[in-house]
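Chain A is the first sequence line, chain B the second, and so forth, proteins listed ahead of strands; every chain is numbered from 1.
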Amino acid sequence: MCGRFILTSAAEVVAELFDVADVPTLTPRQNICPTEAVGAVVFDAEASGRGFRGLRWGLIPSWAKDPNIGARMFNARAETVAEKPSFRSAFKARRCLVVADGFYEWKKLDRGKQPHRIGLSEGGPFAFAGLWEHWQGGDGEPIDSCTIITTEPNELLAPIHERMPVILPPEDYAVWLDPEIREASVLQPLLRSYPAEAMTAQPVDSARFRRKPG
DNA sequence: CCAGACGTTGTT
DNA sequence: GTCTGG
DNA sequence: CCAGACGTTGTT
DNA sequence: GTCTGG
């Protein structure tokens, strides 16, 4: 699962890792929530290459009447994403890389819950496997939104939570973003747990998630 | 045929 | 939009 | 995901 | 407890 994450890298670092040229200045964010704008790398048909863009986190199916349905579509299960009505068309044609420097998972304890910050040992940004979708209401603004795919946790994450987001290594970026690839038999094998030995997890203070100071 | 569902969690 | 259930 | 709210009418 | 907003 992944319901909160971090993006603090500078635009230049993101541009180099993902080989995109048009990354705008990025405000460091330690607590990105569902329904907020996230940074994503997508296939840009006009440029016949990659582009960086903002997407609303929480995928709104194109057929949804109420865009608020997207608020709880912030994750999609790797095991079922190719078949679920809300995700299958995006899985075939609109995959993306959601840019992050870390994410949070909450471990349930006998008393309360303990958030952990998780990231790559080597530091730096990485890519969640994502999907995006276009939505157009009757008279409202169109919205492009996205979801982050989850899978089983690795050995590091298993004690903390039952799911973890799929992190794609750079060698998988090209296949994941290629819109001509549509076969689940090619795509689904990419949706695996990132190696535990390359990740770190540390408890953090719950106070950082409060909305109001005090 | 039309009407209604379509998702993720976690918790019971 | 597309599938399922009635 | 968590934090914060948690009402009343009437109308579709 | 459950829903909404971010």
**Request:** Considering only atom P, compute the distance from dA5(B) to dG6(E) and round it to an integer number of Å.
**Result:** 27 Å
**Parallel, tilted or perpendicular: rings of Phe128(A) and Phe126(A) (30°, 60°)** = perpendicular
**Asked** For the pair made of CD in Glu83(A) and P in dT8(B), what is the distance, rounded to whole Å?
**Response** 12 Å
**Test item: Glu36(A) and Cys33(A) side chains (from C-beta on) under 4.5 Å apart, heavy atoms** = yes
**Request:** Give Ser89(A) one of three labels, base, sugar-phosphate or nothing, depending on what nucleic acid heavy atoms sit under 4.0 Å from its own.
**Result:** nothing
**Complete:** Rounded to whole Å, CD1 of Ile160(A) lies from P of dT9(B) at a distance of 17 Å
**Asked** Which whole number of Å gives the distance between the P atom of dT12(B) and that of dC1(D)?
**Response** 14 Å
**Fill in**
Using Watson-Crick geometry (N1-N3 plus N6-O4 or O6-N4) or G-U wobble (N1-O2, O6-N3), each under 3.5 Å, dT2(C) is paired with dA5(B)
**Request:** Could you check whether Glu105(A) gets within reach of a base, just the sugar-phosphate, or nothing at all, counting any heavy atom under 4.0 Å?
**Result:** nothing
**Asked** So what does Pro34(A) touch, heavy atoms closer than 4.0 Å: a base, only the sugar-phosphate, or nothing?
**Response** base
**Request:** Test side-chain hydrogen bond (donor to acceptor under 3.5 Å, both in side chains) on Thr150(A) and Asn75(A) and set out the steps.
**Result:** CA-CA 6 Å; Thr150(A) 66; Asn75(A) 287 151; 5.5 Å; no
**Message:** Generate the contact string for nucleotides 1-6 of chain B. Rules: B means base contact, S means sugar-phosphate contact only, - means no protein heavy atom under 4.0 Å.
**Reply:** -----B
**Asked** Between atom CE in Met164(A) and atom C1' in dT8(B), what is the gap in whole Å?
**Response** 17 Å
**Item:** Side-chain N,O (Arg163(A)) to OP1/OP2 (dT9(B)) below 4.0 Å
**Value:** yes
**Request:** Kindly say whether Gly49(A) contributes a backbone atom to a donor-acceptor pair with the side chain of Asp44(A) at under 3.5 angstrom?
**Result:** no
**Asked** With sequence neighbours excluded, what pairs up with Pro34(A) under the side chain to side chain contact (heavy atoms under 4.5 Å, CB included) test?
**Response** Arg4(A), Trp57(A), Phe74(A)
**Request:** For Phe74(A), answer base if it contacts any base atom (sugar-phosphate contacts may also be present), sugar-phosphate if it contacts only those atoms, and nothing otherwise; contact means non-hydrogen atoms under 4.0 Å.
**Result:** base
**Request:** In plain terms, say whether Arg95(A) and Asp178(A) are close enough for a salt bridge, that is, a side-chain N and a carboxylate O under 4.0 Å apart.
**Result:** no
**Message:** Between Ser145(A) and Arg56(A), do the side chains contain a donor N or O and an acceptor N or O under 3.5 Å apart?
**Reply:** no
**Asked** Hey, does Thr147(A) reach any base, or is it just sugar-phosphate, or nothing, if we go heavy atoms under 4.0 Å?
**Response** nothing
**Prompt:** How far, in whole Å, is dT9(D) from dC2(B) if one measures between their C1' atoms?
**Reply:** 35 Å
**Prompt:** Just how far, in rounded Å, is P of dT9(B) from CH2 of Trp57(A)?
**Reply:** 12 Å
**Message:** Salt bridge check, Glu133(A) against Arg94(A): does any charged N sit closer than 4.0 Å to a carboxylate O?
**Reply:** yes
**Request:** Could you check how far CZ of Arg72(A) sits from P of dT8(B), rounded to whole Å?
**Result:** 13 Å
**Request:** Considering only atom C1', compute the distance from dT4(E) to dG7(D) and round it to an integer number of Å.
**Result:** 15 Å
**Request:** Using a 4.5 Å cut-off on heavy atoms from C-beta on, say whether the side chain of Met199(A) contacts that of Tyr194(A).
**Result:** yes
**Asked** Which heavy atom in Ala93(A) sits nearest to a heavy atom in Arg182(A), and how many Å separate them?
**Response** CB-NH1, 3.9 Å
**Where chain A begins and ends its contact with DNA chain C, read 5' to 3' at 4.0 Å from heavy atoms** = dG1(C) to dC3(C)
